[in-house]
Visitor: 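Dumping the structure here so I can ask a few things about it.
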Amino acid sequence: MRESIGIFYGISVGTGDPELITIKGLKLLQKVSVIAFPAGINHQPGLAEQIISPWLSSQQKKLPLIFPYVQDEARLQQAWKQAAIDVWGYLQQGVDVAFACEGDVSFYSTFTYLAQTLLATYPQVVIKTVPGVCSPMAVASVLGIPLTLRSQRLAILPALYRVAELEEVLTWADVVVLLKVSSVYNEVWTILQKLNLLDKAWIVERATQAEEKIYRDLGDRPHLTLSYFSLLIIQVTPS
Ligand SMILES: C[S@@+](CC[C@H](N)C(=O)[O-])C[C@H]1O[C@@H](n2cnc3c(N)ncnc32)[C@H](O)[C@@H]1O
């Protein structure tokens with residue numbers, strides 16, 4: 001057992017293809033003895049866990065952490081607190097813990113809430129992160145388009161709680177990326193139709209994964225049932 005506390009690593013593991021993890025991330029993932037990740041739902045492995053499974057050994061301790069998919073702030077805080085307690089249990093014994101994060105660790109990631117809770121509760125904690133491939137970059141690559149060029153203005157909307165927000169952003173942005181589009185797709189389609197932008201929009205579902213699907217022409221698709229892992233790109237101004 002080491003005398004010092006362990007390091008908490010946030011490792012970006014990319015968007016699905018296990019080869020999209022960086023060499024630095026992979027080396028750490030294979031070196032650290034405790035590997036944490038968001039627990040899947042309905043007893044199925046979560047996405048981060050699926051991505052890293054080819055790289056792990058059976059000797060490594062797997063630490064699934066429960067983060068409920070809810071808006072209720074009190075329930076979320078409780079989950080982050082419990083996860084922080086679980087992780088600290090190893091760190092305080094001098095054992096490093098690596099948290100595998102789908103996409104990039106700093107891009108709308110659960111890792112950040114956990115890291116902030118750890119810092120607030122145990123200020124002596126040491127946290128290091130490894131960057132990686134986030135979903136807008138992966139989707140641009142899948143579509144074979146540049147995400148942005150020259151002086152184009154890029155807007156990333158993490159989630160749409162008021163669809164009017166999208167109309168406002170479309171007045172100034174050249175390229176718009178909409179995360180979590182699955183729950184608001186019908187409303188978004190109506191706005192794009194009104195603004196004549198349906199032929200400038202693409203959806204990629206489960207980019208870089210075996211189930212990857214591209215929707216290029218949204219004109220005749222007012223209704224789509226999409227996975228949570230779907231992203232919409234609108235090229236408002238041609239590049
Ligand atoms: C909470 S955010 C997490 C973003 C992630 N940390 C990243 O770096 O991309 C979840 C949203 O990211 C997008 N997303 C993540 N992975 C994706 C993938 N493989 N294909 C398409 N969209 C994805 C979806 O819009 C999803 O609703």
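Atoms considered below: every heavy atom in the structure, side chains included; atoms not considered: hydrogens, waters and symmetry mates. Atoms within each ligand, like the ligands themselves, are counted from 1 in listed order.
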Visitor: Is ligand 1 under 4.0 Å from a heavy atom in the side chain of Q209, in the backbone, in both, or in neither?
Guide: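 Q209 to ligand 1: side-chain contact only, backbone stays beyond 4.0 Å.
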Visitor: What is the nearest protein non-hydrogen atom to atom 16 (N) of ligand 1, stated with its residue, atom name and distance?
Guide: E102 OE2, 2.8 Å
Visitor: Nearest heavy atom to atom 22 (N) of ligand 1 wins, so pick from F107, F229, Y228, F111.
Guide: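 The residue whose heavy atom sits nearest atom 22 (N) of ligand 1 is F229.
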Visitor: Check this for me: Y113, atom OH, are more than 12 non-hydrogen atoms of other residues, nucleotides or ligands nearer than 6.0 Å?
Guide: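 No.
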Visitor: Looking at atom 8 (O) of ligand 1, what's its closest protein heavy atom, distance included?
Guide: D104 N, 2.7 Å
Visitor: Show which atoms of ligand 1 fall inside a sub-4.0 Å distance from at least one heavy-atom site of G103.
Guide: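 The list of qualifying atoms is 7 (C), 8 (O).
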Visitor: Checking side-chain polar atoms at under 3.5 Å, does T208 have a donor or acceptor matched by the opposite partner on D17?
Guide: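 No, because no side-chain N or O of T208 sits under 3.5 Å from a partner of the opposite role on D17.
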Visitor: Is the closest N or O pair between A207 and ligand 1 shorter than 3.5 Å?
Guide: yes
Visitor: Below the 3.5 angstrom mark, is there an N/O of E205, backbone or side chain, next to an N/O of ligand 1?
Guide: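 No - when backbone and side-chain N and O of E205 are compared with those of ligand 1, no distance drops under 3.5 Å.
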Visitor: Can you classify the ring geometry of W88 versus Y122 as parallel (below 30°), tilted (30 to 60°) or perpendicular (above 60°)?
Guide: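 Plane angle under 30°, so parallel.
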Visitor: Looking at K81, I want to see if its NZ is surrounded by more than 12 non-hydrogen atoms of other residues, nucleotides or ligands under 6.0 Å.
Guide: no
Visitor: When you measure from the side chain of W55 to the backbone N and O of P18, does any donor-acceptor pair fall under 3.5 Å?
Guide: yes
Visitor: Record the part of V204 in heavy-atom contact with ligand 1 below 4.0 Å; permitted values are side chain, backbone, both and neither.
Guide: backbone
Visitor: Of K213, E212, R206, which is the lone residue that meets side chain to side chain donor-acceptor pair (under 3.5 Å) with Q209?
Guide: R206
Visitor: Tell me, which protein residue and heavy-atom name are nearest atom 1 (C) of ligand 1, and how many Å apart are they?
Guide: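 Here the closest protein heavy atom is Y108 O, 3.2 Å.
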Visitor: Quick check against the 3.5 Å criterion: does D96 have a side-chain atom that pairs as donor or acceptor with the backbone of G6?
Guide: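 Checked: no pair found.
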Visitor: Examine the proximity of ligand 1 to S230 and report which part, side chain or backbone, both or neither, has a heavy atom under 4.0 Å away.
Guide: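 Looking at S230 and ligand 1, just backbone atoms fall under 4.0 Å.
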Visitor: Checking W189 side chain against L218 main chain: does a donor-acceptor pair fall under 3.5 Å?
Guide: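 Checked: pair present.
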Visitor: Indicate yes or no: does an N/O atom of S135 lie under 3.5 Å from an N/O atom of ligand 1?
Guide: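 Indeed, backbone or side chain, S135 has an N or O that close.
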